[in-house]
Number of protein chains: 2
Amino acid sequence: MAGHTAGTAKATAKEDILDAAEALFAARGFEGASMRAIAEAAGVAQALLHYHYKTKEGLFEAMFTRRSGAINRIRLARLDVMLARGRPTVEDIVEALLRPTIEAGHDPSRGGSRFASLILATSTAEGDWQKGLVARSYDSMAERFIAALMGALPGLGRAEATWGYLFVVGAALTQMAPTGRADRLSGGAARDEDTDAMLSRAVIFAAAGLKALATAPPDDH
Amino acid sequence: MAGHTAGTAKATAKEDILDAAEALFAARGFEGASMRAIAEAAGVAQALLHYHYKTKEGLFEAMFTRRSGAINRIRLARLDVMLARGRPTVEDIVEALLRPTIEAGHDPSRGGSRFASLILATSTAEGDWQKGLVARSYDSMAERFIAALMGALPGLGRAEATWGYLFVVGAALTQMAPTGRADRLSGGAARDEDTDAMLSRAVIFAAAGLKALATAPPDDH
DNA sequence: GCCTTGACTGATCGCACGATCAGCGAGAGG
DNA sequence: CCTCTCGCTGATCGTGCGATCAGTCAAGGC
């Protein structure tokens, strides 16, 4: 194991690169963030990025899965605990889905709110490798939450549960992404808040929407 | 007026460029779409893009405001009609907000669903000119709809109305953006549908969420 | 018939990009 | 003391980028 200092959780250059990549990819997009700029932000030579991650796509993928993996593990652990205890409510399920993301969004050491922008940009990119990355990172987790929603709301069919899940995620990402629009549109009444305020508002909105989808499904034409 | 053929609404090269730019900016992002690729897709020389729109940013802005302006005019016209007739319901307001976008999303001649990806990408871009473009294009319309929501839901404060508006827009954009995730996650149960099915589902979800925000606001700490 | 106007083009500029490679230097193993 | 490993670097490659510019060509006014 590489020596260079002591043992526990020292920030290595490899992690510094991922941090810098996260900030720049989120701010400027995949093509807009250059390997040169990431290297400079991380304080290393550009060639080191290629040494550790081979290509720009490799760096992006490593940066992406680091966060998504950590958050999804927490999400699924929370869901499993609730399912083991009994039948969770919609509110419980939505909170298990959103709390880990929103908490991470308020913790600069875990990427802050930048990651929300990144997911939005990545999942809407053209059909190439970025969509595959989103699918690989999120689909299995999403399927479990969709199933849990159907279990909590008997009237909710598969299609409505899927759309509902995507609605909830979209609304939450919109809330988290640091666009500054809420502050501006509300004349300062909707400033950045603590985790609990954002979470409870998102849960209230999402749970009510999901219940409505379950009791009054749209005309299935 | 430039001659070259007859009078009414002939598709000129200038419009062809905007169409090609829209498709490529949505698919690959601002930096990912090159002027060369846009020119080739439009079937014109690259220099013509600079002749008509000066810079790449100029082209992007022209392409963006063409769609957003058209859609927002329809939105506000619908809202005005409803407000003149009496006090619209939340469902009415949400429908006035979402129907023009969703209808345009199903009409390839008006940009199809690509524009949804574009808004998501643009509004989450870093603090430069792209955010200003979103603000200039959407804020005044958004303020009027937020005010209308507060009028329809007496318990809804300014901050909650603003967040609620952003939730609704985020959920709708998530539904419209052609990511293919709904189809995949639902095992094919949530395929692309007609305008009315998508709209009624979004309205049901959004209206219920907004009502819940009005009656049970999050702890304001 | 000529000249102006304006949409449009091909060639080319300098620049920044992603990627590669030979080499450096400190620490571990013998 | 030698040597091998490996994280790391500076220099450099070829490519594709946005932008520019002199020129072409048809239509319209005089």
Side-chain angles (χ1 to χ4, degrees), chain A residues 1-25 27-64 122 125-126 128-130 133, chain B residues 1-25 27-64 66 125-126 128-130 133:
Chain A
M1 200 153 297
H4 132 68
T5 44
T8 55
K10 177 65 165 49
T12 70
K14 212 173 165 183
E15 290 286 316
D16 290 344
I17 292 171
L18 290 185
D19 291 340
E22 185 172 76
L24 284 168
F25 279 135
R28 306 189 201 169
F30 179 75
E31 327 268 349
S34 72
M35 297 293 269
R36 280 169 171 78
I38 294 169
E40 189 182 4
V44 299
Q46 187 206 339
L48 187 62
L49 276 60
H50 291 280
Y51 174 76
H52 280 307
Y53 302 104
K54 200 67 187 169
T55 65
K56 193 181 185 182
E57 293 188 9
L59 170 60
F60 186 93
E61 183 157 342
M63 172 246 110
F64 192 88
T122 306
E126 187 159 65
D128 52 351
W129 60 275
Q130 297 200 51
L133 179 56
Chain B
M1 197 156 298
H4 125 71
T5 45
T8 54
K10 177 66 164 50
T12 70
K14 213 173 165 181
E15 290 285 318
D16 291 344
I17 291 171
L18 290 184
D19 291 340
E22 185 173 76
L24 283 168
F25 279 137
R28 306 189 201 169
F30 178 77
E31 327 268 349
S34 72
M35 297 292 270
R36 281 169 171 79
I38 294 169
E40 189 182 4
V44 299
Q46 187 206 338
L48 187 61
L49 275 59
H50 292 281
Y51 174 76
H52 280 307
Y53 302 105
K54 199 69 188 168
T55 65
K56 193 182 185 181
E57 292 188 9
L59 171 59
F60 187 92
E61 183 157 342
M63 177 274 292
F64 192 89
R66 175 180 65 157
E126 188 161 61
D128 52 352
W129 61 275
Q130 297 200 50
L133 179 56

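Every chain is numbered from 1 and lettered A, B, ... according to where its sequence line falls, protein lines coming before strand lines.
- Rounded to an integer number of Å, the gap from B/Ile17 CD1 to C/dA7 C1' is 10 Å.
- For B/Arg28, the side chain to side chain donor-acceptor pair (under 3.5 Å) test picks out no residue, with sequence neighbours left out.
- Here the OG-CD distance, from B/Ser34 to B/Glu40, works out to 8.5 Å after rounding to the nearest 0.5 Å.
- Atom NZ of B/Lys14 and atom P of C/dC8 are 10 Å apart (whole Å).
- The stretch residues 28-37 of chain A touches DNA chain C through A/Ala33, A/Ser34, A/Met35, A/Arg36, each having a heavy atom within less than 4.0 Å of the strand.
- Residues forming a side chain to side chain donor-acceptor pair (under 3.5 Å) with A/Glu22 (at least two apart in sequence, or on another chain): A/Arg67.
- A 4.5 Å side-chain heavy-atom check between B/Leu24 and B/Met35 finds every atom pair outside the cut-off.
- Atom C1' of nucleotide D/dT20 and atom NZ of B/Lys56 are separated by 17 Å, given to the nearest angstrom.
- Applying the salt bridge (Lys or Arg N to Asp or Glu O under 4.0 Å) rule to pairs touching residues 53-63 of chain A yields A/Glu61-A/Arg136, sequence neighbours excluded.
- Here the CE atom belonging to A/Met63 is positioned 8.0 Å from the CG atom belonging to A/Leu18, to the nearest 0.5 angstrom.
- Using a 4.0 Å cut-off on heavy atoms, the residues of residues 39-53 of chain A that approach DNA chain C are A/Gln46, A/Ala47, A/His50, listed by number.
- Evaluation of the ring pair (Phe, Tyr, Trp, His ring centres under 6.0 Å) test over residues 42-62 of chain B, restricted to residues two or more places apart or in two chains, returns B/Phe25-B/Phe60, B/Phe30-B/Phe60, B/Phe60-B/Trp129.
- Atom NZ in A/Lys54 sits about 9 Å away from atom C1' in C/dA19, given to the nearest Å.
- Listed by chain and residue number, A/Ile38, A/Ala41, A/Ala42 satisfy the side chain to side chain contact (heavy atoms under 4.5 Å, CB included) test with A/Ala20 (two or more places apart in sequence, or in another chain).
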